[in-house]
Amino acid sequence: MQKISRSKKFQPQPRKRSRKFLLISIIIFVLVVATSAACFMSYRMKIPSEFWEKYIPIPEGNKINVSIENGMTAMQAARAFEFQGALDKGTPIQLARWLVRFGIDKKIRAGHYSVVPSDAWNLARQLKTAKPALLKAQILPGLDIFALIDSIESQDKKLSRKNFSEALLRDDNYPPKMREFINELPDDEYTRYSFLMPETYMLINRNADELVHASASAWWSHWEEFIEAHNLTAKNLQDASIIASMIEREVMHDDECRTVSGVIQNRLKKNMLLQIDATVVYAWRLKGRKLTRVLNKDLEIESPYNTYRITGLPPRPICVPGIEAWGAALDPETNNYYYYVAGKNGWHYFSTTYKEHLQNIRQARSEK
């Protein structure tokens with residue numbers, strides 16, 4: 001029997017050990033990578049976002065605009081992003097959670113967000129710094145229908161003359177209860193534009209319908225309780241809109257609004273001519289002429305708006321009334337005045353008799 005030497009029996013086999021060690025190392029590495037990937041994809045919400053944000057850039061690519069409406073919750077906003085194609089991976093619930101995680105769930109403002117379509121995490125990351133695009137649109141008190149439309153049209157191309165006129169006549173742009181009154185009024189833009197609240201509005205959809213809806217809703221919200229408490233009819237509101245528009249153009253100082261309103265009511269009760277210069281200016285405006293000063297010859301114009309020749313109220317409002325003018329028209333001051341004339345700095349002298357009125361005219365002229 002052949003003997004095996006000690007040295008040969010215990011001789012090491014480095015090549016086999018090296019292969020086995022390498023194989024085990026590869027298996028361990030693959031398991032670590034797979035486990036990490038699985039954890040990252042399945043349990044990302046449990047991983048500190050700050051860590052991953054340092055190493056993973058925000059996706060770049062073609063952006064889309066997503067519209068978020070005012071008052072949306074985080075979940076409603078998340079669904080809006082999904083519905084409009086910005087959330088291409090994940091669910092609205094995941095996006096809402098990330099919005100909460102980043103602390104922006106209560107900071108999302110209405111407007112248009114320009115984002116790259118991505119998964120919930122990356123979409124939320126974009127929203128951390130995204131600012132909504134809005135259109136600032138103004139409705140100024142005292143503008144007649146022509147000046148108002150010119151002003152609106154100059155603010156944005158989508159707020160064109162045609163679109164704004166159509167929006168004024170669209171019943172859906174008015175609150176449901178307000179429509180009950182609106183539908184009983186003359187169906188024209190010359191009536192409806194007086195029921196817009198002069199204010200600055202931030203528009204999400206950047207169109208005329210949204211502007212009319214926002215401003216009409218603001219007007220109704222302010223006056224609804226008063227209208228219901230006093231059982232006002234559509235005819236009451238129509239007359240008030242006309243009176244308010246005249247007050248708006250006649251009065252420079254808000255403190256005089258109710259006093260002038262009282263004068264108008266007194267003259268209407270006596271069936272006197274209102275003789276308001278602002279209506280003459282509007283009458284000429286309808287004929288394409290702008291007056292900066294009313295002269296005696298201008299008072300001869302044939303027009304239902306010439307309150308120097310026709311009794312009662314003009315057929316339509318002559319401008320957009322402000323809140324003070326509306327308040328004065330709806331709640332006029334009780335007084336004995338029938339006349340007024342503007343003095344220095346726009347303040348008026350009020351009088352009961354025509355004789356007193358002539359004295360006030362002389363006084364007012366002496367100040368200039």
Side-chain angles (χ1 to χ4, degrees), residues 141-144 191 194-195 198 223 226-227 230 232-233 235-285 291 293-296 298-301 303-368:
L143 295 182
D144 61 36
T191 295
S194 65
F195 291 93
W223 293 113
F226 184 94
I227 292 170
H230 292 79
L232 299 182
T233 65
K235 182 64 168 67
N236 295 145
L237 290 181
Q238 182 181 8
D239 290 347
S241 70
I242 297 170
I243 294 172
S245 71
M246 293 189 294
I247 295 171
E248 183 65 46
R249 293 301 298 269
E250 285 283 285
V251 179
M252 182 179 296
H253 304 286
D254 290 342
D255 291 345
E256 293 186 338
C257 285
R258 293 186 66 243
T259 306
V260 171
S261 184
V263 174
I264 293 173
Q265 292 295 337
N266 292 338
R267 294 178 75 95
L268 288 173
K269 291 174 183 177
K270 290 281 189 178
N271 203 31
M272 297 172 63
L273 293 171
L274 294 180
Q275 296 182 320
I276 293 178
D277 287 358
T279 62
V280 177
V281 172
Y282 186 74
W284 280 108
R285 177 78 155 137
L291 292 184
R293 183 183 177 187
V294 177
L295 303 176
N296 287 334
D298 299 321
L299 303 180
E300 300 302 318
I301 183 173
S303 170
Y305 289 92
N306 184 358
T307 55
Y308 278 84
R309 302 192 69 172
I310 58 106
T311 57
L313 296 174
R316 301 286 188 275
I318 63 173
C319 74
V320 179
I323 198 72
E324 294 294 336
W326 262 109
L330 292 171
D331 184 26
E333 176 185 282
T334 300
N335 57 52
N336 296 318
Y337 300 135
Y338 290 89
Y339 306 91
Y340 61 85
V341 60
K344 188 177 181 179
N345 297 325
W347 293 98
H348 289 89
Y349 292 99
F350 296 92
S351 56
T352 302
T353 67
Y354 186 65
K355 181 179 180 180
E356 293 173 345
H357 180 55
L358 293 177
Q359 293 174 350
N360 288 338
I361 291 175
R362 288 192 292 270
Q363 177 66 29
R365 288 176 177 173
S366 68
E367 296 178 355
K368 298 178 181 179

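Along the sequence shown, the residues carry numbers beginning at 1.
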Task: Candidate pair Gln265 and Ile243, rule side-chain contact (heavy atoms from CB on, under 4.5 Å), full reasoning - done: CA-CA 9 Å; Gln265 292 295 337; Ile243 294 172; 3.4 Å; yes
Task: Ile323 vs Pro198 side-chain heavy atoms within contact, under 4.5 Å - done: no
Task: Spacing of CD1 belonging to Ile361 relative to OH belonging to Tyr354, to within rounding of 0.5 Å - done: 6.0 Å
Task: Closest non-hydrogen atom pair between Ala329 and Ala240, with its separation - done: CB-O, 3.5 Å
Task: Pairwise distance CG(Asn360) to OH(Tyr349) - rounded to 0.5 angstrom - done: 7.5 Å
TODO: Test side-chain contact (heavy atoms from CB on, under 4.5 Å) on Leu232 and Phe226 and set out the steps.
DONE: CA-CA 9 Å; Leu232 299 182; Phe226 184 94; 4.0 Å; yes
- [ ] For residues Met272 and Tyr339, determine if any side-chain heavy atom of one lies less than 4.5 Å from a side-chain heavy atom of the other.
- [x] yes
Task: Ile264 vs Ile247 side-chain heavy atoms within contact, under 4.5 Å - done: yes
Open item on the list: Looking at Ser245 and Pro321, would you say the former's side chain and the latter's main chain have a donor-acceptor pair under 3.5 Å?
Closed with: no
- [ ] Please tell me if the side chains of Met246 and Leu313 come closer than 4.5 Å, counting only heavy atoms from C-beta onward.
- [x] yes
- [ ] State the OG-CD1 distance between Ser303 and Ile310, to the nearest 0.5 angstrom.
- [x] 8.0 Å
TODO: Test side-chain contact (heavy atoms from CB on, under 4.5 Å) on Val320 and Glu248 and set out the steps.
DONE: CA-CA 8 Å; Val320 179; Glu248 183 65 46; over 6 Å; no
- [ ] With rounding to the nearest 0.5 Å, note down the distance linking CG in Leu237 to OG in Ser194.
- [x] 9.5 Å
Task: Donor-acceptor pair between Glu250 and Tyr340 side chains, under 3.5 angstrom - done: yes
Task: Summary of side chain to side chain donor-acceptor pair (under 3.5 Å) pairs that have at least one residue in residues 309-318, sequence neighbours excluded - done: Asp188-Arg316, Thr191-Arg316, Glu302-Arg309
TODO: For Tyr338, check side-chain hydrogen bond (donor to acceptor under 3.5 Å, both in side chains) against everything at least two apart and list the hits.
DONE: none
Task: Atom CE of Met252: over 12 foreign heavy atoms under 6.0 Å - done: no
TODO: Give a yes or no on whether the ring-centroid distance for Phe195 and Trp326 is below 6.0 angstrom.
DONE: yes
- [ ] Taking all non-hydrogen atoms of both residues into account, name the closest pair between Thr279 and Ile276 and its distance.
- [x] OG1-O, 2.6 Å
Open item on the list: Which heavy atom of Ala278 sits nearest to which heavy atom of Arg249, and what is that distance?
Closed with: CB-CB, 3.6 Å
Open item on the list: For the backbone of Thr233 and the side chain of Asn236, can you confirm whether one donor and one acceptor N or O come within less than 3.5 Å of each other?
Closed with: yes
- [ ] Verify, without hydrogens or angle tests, whether Glu256 (side chain) and His253 (backbone) share a donor-acceptor contact under 3.5 angstrom.
- [x] no
Open item on the list: Taking side-chain hydrogen bond (donor to acceptor under 3.5 Å, both in side chains) as the criterion, tell me which of Asn335, Thr352, Asn336 meets it with Asn266.
Closed with: Asn335
- [ ] Report the distance from atom SG of Cys319 to atom CG of Leu143, rounding to the nearest 0.5 Å.
- [x] 8.0 Å
Open item on the list: To check you understand the geometry: which heavy-atom pair defines the closest contact between Ser261 and Ala328, and what is its length?
Closed with: OG-O, 2.7 Å
Open item on the list: Can you give me the closest heavy-atom contact between Gly343 and Ala364, atom names plus distance?
Closed with: CA-CB, 4.0 Å
Task: Between CG on residue Leu268 and CG on residue Leu273, distance to nearest 0.5 Å - done: 10.5 Å
Open item on the list: Taking side-chain contact (heavy atoms from CB on, under 4.5 Å) as the criterion, tell me which of Ile301, Leu299, Val294, Leu274 meets it with Tyr308.
Closed with: Leu299
Open item on the list: Quick one: does any side-chain atom of Asn306 pair with a main-chain N or O of Ala283 as donor and acceptor, under 3.5 Å?
Closed with: no
